[in-house]
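Encoded as structure tokens, the structure appears first; notes follow it.
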Amino acid sequence: MSSAAKPQNQPKPGACPWFTLVTCALAVGAWFWPGAFDALAYNRAQILHGEWWRLITGHWVHFSASHLFWDLAILIPAGALLERRNRTALRWTILLSPLAISFVLLAFDPAMAIYAGISGVAAGVLVALAVHGLRTEPATRWVWLAVLTLFALKVV
């Protein structure tokens, strides 16, 4: 395929997954920023008192170093793979999933007083990667079905 015929959504082979890395760097930076958790975490009471930024920023702060590590252990490889396959899908997933998750929590889980972590975003990226794989990689369809099945079992 000539470079002129290559879809614009596809990065060059070997391109750095910069959007994924910047997203992860924000979470790591928030971990090292003193007071970030108190200022940025999803806190239902504070959101209802006008601190709307917490709907987005709560996903970048974490309860512990272990929490951050395991979230990034999913987000980095899944994000890098999706970014290499479909940059637009990765970007929209990372940009919209924090709001979607926070609004669902706000509307349907009033008992959730505090939420933190990028695990929901990582899960969204993993699902987007699997859906993309199902649509574009028929030879490995079973792998992507297994990923979605395991994810569904985890949620249940």
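Applying the side chain to side chain contact (heavy atoms under 4.5 Å, CB included) rule to L40 yields the partners W33, A36, W53, T57, V61; only residues at least two apart in sequence or on another chain are considered.
Between P98 and W60 the shortest side-chain heavy-atom distance falls below 4.5 Å. Taking 4.5 Å as the limit, some side-chain heavy atom of L134 sits within range of a side-chain heavy atom of L148. With a 4.5 Å cut-off on side-chain heavy atoms, C24 and L75 count as touching. Between I118 and H62 the shortest side-chain heavy-atom distance falls below 4.5 Å. Using a 4.5 Å heavy-atom cutoff, the side chains of N86 and T136 are not in contact.
Note on V143 and L153: separate hydrophobic clusters, where clusters join Ile, Leu, Val, Met, Phe, Trp and Tyr whose side-chain heavy atoms are under 4.5 Å apart, directly or indirectly. Cluster membership check: L129 shares its hydrophobic cluster with V155, using side-chain heavy-atom separations under 4.5 Å among Ile, Leu, Val, Met, Phe, Trp and Tyr. Using a 4.5 Å cut-off between side-chain heavy atoms of Ile, Leu, Val, Met, Phe, Trp and Tyr, with links allowed through other members, W92 and F103 fall into different hydrophobic clusters. Taking hydrophobic clusters as Ile, Leu, Val, Met, Phe, Trp and Tyr residues chained together by side-chain heavy-atom distances below 4.5 Å, Y115 shares a cluster with I56. Using a 4.5 Å cut-off between side-chain heavy atoms of Ile, Leu, Val, Met, Phe, Trp and Tyr, with links allowed through other members, V121 and V147 fall into the same hydrophobic cluster.
A 6.0 Å sphere centred on CH2 of W31 holds more than 12 heavy atoms belonging to other residues, nucleotides or ligands. Other residues, nucleotides and ligands contribute more than 12 heavy atoms inside 6.0 Å of the CD1 atom of I47.
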(request) Step by step, work out the side-chain contact (heavy atoms from CB on, under 4.5 Å) result for V125 and T20. (result) CA-CA 10 Å; V125 169; T20 298; over 6 Å; no
(message) What verdict does the side-chain contact (heavy atoms from CB on, under 4.5 Å) test give for I114 and Y42, after you've listed the backbone C-alpha separation in whole Å, the side-chain angles of each residue and the deciding distance to 0.1 Å?
(response) CA-CA 5 Å; I114 297 175; Y42 172 102; 5.8 Å; no
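Taking the six-membered ring where tryptophan is involved, the planes of F37 and F63 are tilted, since the angle between them lies from 30° to 60°.
Of the inter-residue distances, the one linking T23 atom OG1 with L90 atom CG reads 7.0 Å to the nearest 0.5 angstrom. Atom-to-atom distance recorded for T88:OG1 and F19:CZ is 10.5 Å, nearest 0.5 angstrom. In this structure, the separation between CZ on R44 and CG on L55 is 10.5 Å, given to the nearest 0.5 Å. Atom OG of residue S102 and atom CE of residue M112 lie 10.5 Å apart, to the nearest 0.5 angstrom.
Closest approach of P17 to R84, counting heavy atoms only: CD-NH2, 3.5 Å. In plain terms, the two heavy atoms of L72 and V28 that are nearest each other are CD1-CG2, 3.6 Å. Between H132 and L82, the closest heavy-atom pair is CB-CD1, 4.3 Å. Contact detail for H59 and I101: the closest heavy-atom pair is CE1-CG2, 3.6 Å.
In summary, the side chains of T140 and W144 do present a donor paired with an acceptor at a separation below 3.5 Å, with no hydrogens or angles considered.
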